Amino acid sequence: MGSRTHYRADSRTHYDDYDIDAELDVPLEVPKDPAHGDFATNIAMVLASRAKKNPRAVASTIVENIDTKGTYIKRVEVAGPGFINFFLDNKAWLLEALSRALREGEQYGRTSYGRGRRVQVEFISANPTGPMVVVQARAGAVGDTLANLLDACGFSVEREFYINDAGNQVDLLGRSLEARYLQEFGIEAEIPEGGYPGEYLVEMARDLIREKGDALLPGRGGRGGRGDHRGPTVRSGYSGWGDDDSYVPESWRHRFFARYAVEKIVESHKKVLADYGVHFDVWFSEKSLHDAGAVEETIEALRERGYVYENEGALWLRSTAFGDDKDRVLKKQDGEYTYLAPDIAYHRNKFERGFETVIDIWGPDHHGYIARMKAAIQALGYPENALEVLIVQLVRLIRGGEAVRMSKRAGEFVTMSDLLTEVGKDAARFFFLMRAPESHLDFDIDLAKLQTQENPVFYVQYASARIASIFRQAAEEGIPKPSLEGARLDLLGEESELLLMRKIADLPEEILGAALAREPHRMTKYATELASAFHVFYTQCRVLGNDPELTAARLLLVEGAGIALRNTLRLLGVSAPERM
RNA sequence: GCGCCUGUAGCUCAGGGGAUAGAGCAACGGACUUCUAAUCCGUUGGCCGCAGGUUCGAUUCCUGCCAGGCGCACCA
């Protein structure tokens, strides 16, 4: 809530005393406290300051002149320092909202706000040099749910994962794997400086030996070397390299190790993400940009628009033209591109694919790139706000009340896969979405594992289980599934029933608000509030009772709550269990 | 030094120019002959980091300071 709508008031009433315009904006808001009405306005206080009069007196004058005949307004009051609170005849529109939820079912909560406009959400984009870590799990939850929310608001959304499969680090990865491979044969070899010492490459080297034996030792595996003139090949869904490495002459050995490692790691990323409930529409290879000449093309495009110049043997982007602190190097003195160059080409490619809005979710170490990336897309002629960057802050793992020490250099870290194995998808996603993306997050592993009331995800899921349980019980007692037609929903009037209906009614606005503010974490809060409203209702109102009409009406309310809850959990990527 | 994020209850955190600042957990006290007590009800708990400023009104906006985290490359 906190949503604020401005209504145009035309003042047929007696505002002349206050010397104000005939038309003014009247801000209406939904008060946090229901005792303050269904809507409230602070207009009297705004006017009072202009008219130098007592706000409460102004409010009283206004209220005396409001005509509520023939409206849904039941009561108007002056309260506090000068608020005007409006109380609606709630029941009518709450019942209508419930009916709507029941009619729309899985579609309930969706709106057509986006009218099919195309939005891309790019997230995680972990380097294919090692297992994904915990912060990437957080980015995954945020990105996936944000995409779900935008989809629910009628945008045409694509999820994309960018694979940095070109450049120095891939070469280092290949040489690291090669070292592990050689070590398995007892050959002395060292992980290169800046390489990847993690245990996962030892395992990968063993897999490789199981597949290819010693064919990759120096001097082996060439054409005709061992009767198998095709030599090793790689099969996977990922094909950034094309399919041209049909044999492995000496000069290609390094490329093979790099390619093998990247493909295996991307495969493992896909598997972990599938377990996490995240599915990407596009896996975009950086290498494919280079192969297509997109980097040169992009630099050419920038040059034509006058934002590229040469200095001290390097090629620079004039990003200061768009507010960046300093200009940035695109091509180094040694002729190599910086990271920025292909990244600009990548973003150009995104816009060429027709996205109206591109949302990137980055880690905190990249916040310094926002200014230059936004400068770059403007230099290419795209509007500054066509690119939005969300920074997801770091995650600190807490175990036994203490921060888990991780050292990437030593290759010791808790991977995303470890975390999922330990706490499960539901707890992980829910926990990551309980915090605003930009706030630092302490992830308490012990708490996430608890199957007790201390764990907030179970509170929400328990509501789902209880709902299912009621319908199981009803079926056992031979109570027919109620239909909306002819149902006496008007029998619902208990306070807890009305509060539950209000929560159900809020869902579409919650989804829209969370999507437009890019704040997916609002939905865990909503889920908790909805579950709470249900638990209170459950405690206070017996559903399966003696009065068939009341029972039917309450079953419909329970079904409506279930619809709202399941739809919310689906957006979060958390399961809605029928039994716990 | 510069930049980004964060300082709110014992803990983890929402919120946000207005009404008595919220939730969960923790602590304490209650509620199961009835659809799951993984629930519900109640109590305790707050210089909203500090200091100025703007405002009828600031925890919210602005400035400065303090504290914590992160980042500053012709690295990726």
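Quantities reported herein were computed from a predicted structural model and do not represent experimental measurements. Chain naming here is simple, since letters A, B, ... match the order of the sequence lines and numbering starts at 1 in each.
Residues satisfying the ring-ring contact (aromatic ring centres under 6.0 Å, His included) test with A:F430, not counting sequence neighbours, are none. Scored by the side chain to side chain donor-acceptor pair (under 3.5 Å) test, A:S125 finds A:E122 as partners (sequence neighbours excluded). Taking A:H535 as the reference, A:Y459, A:Y462 meet the ring-ring contact (aromatic ring centres under 6.0 Å, His included) condition, with sequence neighbours excluded. The ring-ring contact (aromatic ring centres under 6.0 Å, His included) test applied to A:F471 returns no partner, not counting sequence neighbours.
Side chain to side chain, A:H366 and A:D360 fail the donor-acceptor criterion of an N or O pair below 3.5 Å. No hydrogens or angles considered: nothing links the side chains of A:Q169 and A:N127 as a donor-acceptor pair under 3.5 Å.
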Exercise answer: donor-acceptor pairs, residues 314-323 of chain A side-chain atoms, under 3.5 Å, sequence neighbours excluded:
{"unit_1": "A:W316", "atom_1": "NE1", "unit_2": "A:N311", "atom_2": "O", "d": "3.2"}
{"unit_1": "A:S319", "atom_1": "OG", "unit_2": "A:D324", "atom_2": "OD2", "d": "2.9"}
{"unit_1": "A:S319", "atom_1": "OG", "unit_2": "A:K326", "atom_2": "O", "d": "2.9"}
{"unit_1": "A:T320", "atom_1": "OG1", "unit_2": "A:D327", "atom_2": "OD1", "d": "2.6"}

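In this structure, the nucleotide among B:A38, B:G15, B:C41 sitting nearest to the side chain of A:F458 is B:A38. Checked against B:A19, B:A14, B:C40, the side chain of A:A436 finds its nearest nucleotide in B:A14. Checked against B:G15, B:A73, B:U12, the side chain of A:E519 finds its nearest nucleotide in B:G15. Nearest nucleotide to the side chain of A:T338, out of B:C74, B:A14, B:A38: B:C74. Nearest nucleotide to the A:Q333 side chain, out of B:C13, B:C40, B:C74: B:C74.
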Please produce a list of atom pairs where a protein N or O lies less than 3.5 Å from an N or O of nucleotides 67-71 of chain B.
{"unit_1": "B:G68", "atom_1": "N2", "unit_2": "A:H440", "atom_2": "NE2", "d": "3.4"}

Atom pairs, N/O to N/O, protein against nucleotides 44-46 of chain B, distance under 3.5 Å?
none

Atom pairs, protein N/O to nucleotides 28-35 of chain B N/O, distance under 3.5 Å:
{"unit_1": "B:U34", "atom_1": "O2'", "unit_2": "A:R542", "atom_2": "NH1", "d": "2.8"}
{"unit_1": "B:U34", "atom_1": "O2'", "unit_2": "A:R542", "atom_2": "NH2", "d": "3.0"}
{"unit_1": "B:C35", "atom_1": "O4'", "unit_2": "A:R542", "atom_2": "NH1", "d": "3.4"}
{"unit_1": "B:C35", "atom_1": "O4'", "unit_2": "A:R542", "atom_2": "NH2", "d": "3.2"}
{"unit_1": "B:C35", "atom_1": "O2'", "unit_2": "A:S469", "atom_2": "O", "d": "3.4"}
{"unit_1": "B:C35", "atom_1": "O2", "unit_2": "A:L544", "atom_2": "N", "d": "3.1"}
{"unit_1": "B:C35", "atom_1": "N3", "unit_2": "A:V543", "atom_2": "N", "d": "3.0"}
{"unit_1": "B:C35", "atom_1": "N4", "unit_2": "A:Y538", "atom_2": "O", "d": "2.8"}
{"unit_1": "B:C35", "atom_1": "N4", "unit_2": "A:C541", "atom_2": "O", "d": "2.8"}

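Within the structure, every pair that satisfies the side-chain hydrogen bond (donor to acceptor under 3.5 Å, both in side chains) test and touches residues 432-447 of chain A, not counting sequence neighbours, is listed here: A:R396-A:D442. Within the structure, salt bridge (charged side-chain N to carboxylate O under 4.0 Å, His left out) contacts touching residues 532-544 of chain A (residues at least two apart or in different chains) do not occur.
Near-neighbour residues of RNA chain B inside residues 317-327 of chain A, defined by a heavy atom below 4.0 Å, number-ordered: A:K326.
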- Whenever both distances are under 3.5 Å in a Watson-Crick or G-U wobble pair, mark it; put RNA chain B into dot-bracket that way, with [ ] for crossing pairs and | when the partner is on another strand. (((((((..((((....[...)))).(((((.......))))).....(((((..]....))))))))))))....

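Residue A:Y526 places no side-chain N or O under 4.0 Å from the OP1 or OP2 atom of B:A23.
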